[in-house]
Amino acid sequence: MRGTRFLLGAALMILGPVAALDAAFAATLGQSGQAAQAADQRFEAIYTAEWEWRQHQSAPNEDSPAGAPKRLPDVGPEWQAVKLKRWTDTERALAAIDQAALSPANRVNYAVYKGQIDALLAEQRYREYEKPLNADTSFWGDIAGWAREPLKTEQDYRNYIAMLREVPRYYDQQVANMRAGLKRGFTPPAITLVGREIGVAQVAEAKSLDGQAFYAPFAKMPPTIPAATQAALRKEGEAAIREAVVPAHAKLLTFLRSEYIPGARKPLDAYSLPDGKAYYQSKIREFTTLDKTPDQIHAIGLSEVAKIRARMLEVMQQVGFKGDLPAFLTFLRTDPQFYAKTPQDLLDRAAWIAKTFDGKASQYFGRLPRGRFAIKPVPDEVAPFYTGGRGGPGIYLVNTYNLPARPLYSLPALTLHESAPGHAFQMPLAAENTDLPAFRRDSYISAYGEGWALYCEALGEEMGMYETPYEVFGMLSYQMWRAARLVVDTGIHTKGWSREQAQKYLHDNTALADHEITTEVDRYIAWPGQALSYYLGELAIQDARAKAEKALGPKFDIRAFHDAVLELGSVPLPVVDARVDQLIADGGKGPYSDTK
């Protein structure tokens with residue numbers, strides 16, 4: 001899964017080439033009444049200018065491509081006001097566009113782009129920047145993650161050292177924002193912050209630079225950089241870490257331990273936040289791209305949980321287990337046969353599963369991405385609070401912390417979700433599709449991305465990826481986990497559910513380990529609405545496929561269907577349905593049918 005939004009923070013205003021685009025954007029604001037200018041031209045001018053501006057003013061995050069420039073954004077109040085105005089103006093400009101006059105391609109682009117702007121504007125209006133962390137991600141963790149990316153040239157190192165020198169300013173701004181959030185009760189619930197300062201402490205209290213994430217680029221430098229230059233860069237880097245990075249972390253650590261974590265709000269629900277009901281509804285809209293109420297989503301969850309539970313009981317009978325479902329779940333959680341002995345064993349098995357899919361890919365997909373991915377363990381400093389795995393362009397992270405919480409029977413489903421054909425497959429395909437405008441190639445909508453990845457877990461059964469009934473059960477447990485999220489997230493944030501009640505619901509209905517249940521529930525508590533995207537997204541894709549299969553009959557081609565869905569990039573769920581309607585109208589012919 002991906003704990004992402006459309007951007008993380010904002011950077012110092014960069015002029016130069018953006019100035020001309022800003023001028024073009026400004027011109028569009030007064031052009032809504034000029035019938036002579038085509039709607040397509042006006043719309044394209046708006047999104048081109050704003051997207052270029054957004055890229056220049058935003059910081060790289062976990063979804064940014066390798067090699068993205070490292071700079072720490074300006075997250076102070078003045079720049080937050082600039083962002084609010086920019087996206088307010090963009091929304092006003094979009095409202096002046098006659099959507100009916102747009103070309104068919106730009107009607108889709110409009111739907112995608114308008115969703116992005118709506119989400120960005122909502123984040124500014126609700127001042128999300130005053131809560132720059134949740135249960136498993138944080139601004140300091142993001143920076144530590146950038147430090148692990150390889151540096152190749154002398155200029156890369158000089159840029160990196162300059163970024164390190166900016167850490168005190170950036171942290172001070174973040175702390176000021178967090179204090180403002182603390183004052184108005186806009187924080188993650190305190191229970192989800194217990195122990196979350198460990199990554200800060202590891203930097204602030206380290207006895208030496210050896211082993212520190214920030215020092216990692218200097219520990220082994222490219223041989224293409226002359227030795228004398230290496231020595232000079234290393235000396236500058238060490239000074240930047242000692243003089244800027246370590247003191248900034250020490251200051252942040254004091255704030256977290258003495259003010260923020262003790263003062264964080266005690267209620268769990270989003271409704272108790274400022275303007276909480278409207279805030280939670282905005283999160284539903286952002287993460288699901290649908291206009292459903294919490295009660296509607298809760299009911300869908302209860303219905304789907306019952307359906308999946310019936311299938312789980314069938315598999316339990318298939319393996320000949322004598323006992324009820326709770327006893328079977330205990331057996332799965334505790335029998336050593338289901339768990340790796342070493343971290344490397346877990347990584348090796350994940351690699352085997354990923355390679356097994358490679359042998360089946362051409363049967364189910366017409367176009368495959370050029371981008372490949374690595375399989376790596378989750379970094380130690382975040383592993384205790386992290387999900388079981390996470391994937392994206394170029395990477396599939398497997399959590400090797402606490403091996404008794406990482407069952408092998410769930411690993412095939414996890415791998416299909418996080419690597420290929422899930423996140424590490426779908427996102428590169430989008431990025432490589434030059435027919436799409438940049439704002440569609442490089443953005444991520446949770447309902448689509450997570451819905452697709454969860455669909456891939458279920459597709460694994462059709463592809464023959466599950467070699468034992470236990471692995472099928474692992475897939476069903478993961479399906480149950482996401483269906484149960486619909487119940488748990490809405491239960492916590494709108495129905496007064498306790499943390500223990502949410503944990504028990506997952507414990508009774510899934511085979512997840514207790515450790516993973518704890519970290520997952522804390523994530524739902526701290527990140528309202530995000531958990532809703534997965535299953536609702538999968539249902540939309542499954543419903544679209546069922547419609548295509550029924551309408552096309554023998555003309556239905558699974559590769560054409562997948563290609564049609566994937567060529568869209570990341571889009572609101574109604575766009576998926578419309579694209580499948582077009583696939584049906586085209587007689588089942590996919591976007592790459594002529595090249596097969």
Side-chain angles (χ1 to χ4, degrees), residues 1 297-339 353 387-389 404-418 422 450-451 453-491 497 501-521 524 531-532 534-539 541-543 546:
M1 74 93 205
I297 294 171
H298 195 83
I300 292 170
L302 291 172
S303 175
E304 293 299 314
V305 163
K307 293 176 185 177
I308 299 168
R309 189 181 182 91
R311 276 214 65 196
M312 293 171 80
L313 291 173
E314 290 175 3
V315 175
M316 187 180 74
Q317 293 173 355
Q318 183 182 352
V319 300
F321 184 81
K322 305 302 181 184
D324 58 11
L325 182 60
F328 188 55
L329 295 178
T330 299
F331 165 65
L332 293 174
R333 290 187 180 109
T334 57
D335 195 300
Q337 68 172 303
F338 298 122
Y339 296 88
I353 295 164
T387 54
R406 316 296 172 196
L408 293 172
Y409 55 77
S410 295
L411 193 59
L414 178 69
T415 301
L416 293 172
H417 183 116
E418 302 294 351
E450 301 299 346
L454 186 53
Y455 167 82
C456 291
E457 294 180 24
L459 182 67
E461 188 171 16
E462 183 178 337
M463 292 190 295
M465 290 294 297
Y466 303 117
E467 299 176 352
T468 70
Y470 293 112
E471 290 182 348
V472 172
F473 193 91
M475 178 273 294
L476 291 172
S477 178
Y478 267 26
Q479 294 285 313
M480 176 70 89
W481 171 24
R482 278 44 168 263
R485 286 178 177 183
L486 303 182
V487 180
V488 169
D489 196 279
T490 52
W497 279 33
Q501 186 177 357
Q503 290 172 347
K504 186 176 187 302
Y505 192 82
L506 288 182
H507 184 276
D508 291 348
N509 287 289
T510 77
L512 293 175
D514 288 340
H515 172 83
E516 192 161 18
I517 287 172
T518 299
T519 58
E520 285 296 316
V521 168
Y524 313 151
L532 305 177
Y534 297 68
Y535 204 81
L536 292 177
E538 181 189 26
L539 285 177
I541 295 171
Q542 288 179 335
D543 288 348

- Query: Would you call Glu461 and Arg311 a salt bridge, using N to O less than 4.0 angstrom?
  - Reply: yes

- Closest heavy-atom pair, Ala502 versus Val488, reported as atoms and distance to 0.1 Å, is CB-CG1, 3.6 Å

- Are Leu414 and Arg406 close enough, and set up right, to give a side-chain contact (heavy atoms from CB on, under 4.5 Å), and what steps lead you there? CA-CA 10 Å; Leu414 178 69; Arg406 316 296 172 196; over 6 Å; no

- Item | Side-chain heavy-atom pair Leu539, Ile300 within 4.5 angstrom cut-off | yes

- For the student: nearest non-hydrogen atoms of His515 and Ala405, plus distance: CB-CB, 4.0 Å

- Query: Quick one: do Asp508 and Lys504 make a salt bridge, cutoff under 4.0 Å?
  - Reply: yes

- Query: Are Tyr524 and Glu520 linked by a side-chain donor-acceptor pair shorter than 3.5 Å?
  - Reply: yes

- Message: Determine whether a donor-acceptor pair (N or O, by modelled atom type, separation under 3.5 Å) exists between the side chain of Thr519 and the backbone of Glu516.
- Response: yes

- Between Phe338 and Phe331, what is the ring plane arrangement, given parallel below 30°, perpendicular above 60°, and tilted in between? perpendicular

- Message: Could you report the tightest heavy-atom contact between Tyr470 and Leu332, atom names first, then the distance?
- Response: CD2-CD2, 3.9 Å

- Pairwise distance CZ(Arg309) to CD(Glu314) - rounded to 0.5 angstrom: 13.5 Å

- Query: Is Arg333 reaching over with its side chain to a backbone N or O of Leu512, donor-acceptor style, under 3.5 angstrom?
  - Reply: yes

- Please confirm whether the backbone N or O of Val487 pairs with a side-chain atom of Thr490, one donor and one acceptor, at under 3.5 Å? yes

- Please round to the nearest 0.5 Å and tell me the distance separating atom CD1 of Ile297 and atom CG of Leu302. 12.0 Å

- Smallest heavy-atom separation, His507 atom then Asp514 atom, equals CD2-OD1, 2.9 Å

- Message: Apply side-chain contact (heavy atoms from CB on, under 4.5 Å) to residues Val319 and Phe473 and explain how you reach the verdict.
- Response: CA-CA 10 Å; Val319 300; Phe473 193 91; over 6 Å; no

- Can you name the nearest heavy-atom pair linking Leu476 to Ile308, along with the distance? O-CG2, 3.6 Å

- Message: If you compare all heavy atoms of Tyr409 against all heavy atoms of Ala511, which two are closest, and at what distance to 0.1 Å?
- Response: OH-O, 3.3 Å

- Between CG of Leu506 and CD1 of Ile517, what distance do you get to the nearest 0.5 Å? 5.5 Å

- Query: Are any of the side-chain heavy atoms of His417 and Tyr534 separated by less than 4.5 Å?
  - Reply: yes

- Item | Nearest-0.5 Å distance that lies between atom OH in Tyr339 and atom OG1 in Thr334 | 7.0 Å

- Separation between CD (Glu457) and OG1 (Thr415), nearest 0.5 Å, reads 10.0 Å

- Euclidean distance, Glu538 CD relative to Glu450 CD, rounded to 0.5 Å: 11.5 Å

- Please tell me if the side chains of Leu416 and Tyr466 come closer than 4.5 Å, counting only heavy atoms from C-beta onward. yes

- Item | Pair Glu304 + Arg482: basic N to acidic O under 4.0 Å | no

- Is a donor on one side and an acceptor on the other found under 3.5 Å between the side chain of Thr330 and the backbone of Pro326? yes

- Message: Apply side-chain contact (heavy atoms from CB on, under 4.5 Å) to residues Met480 and Val305 and explain how you reach the verdict.
- Response: CA-CA 6 Å; Met480 176 70 89; Val305 163; 3.6 Å; yes

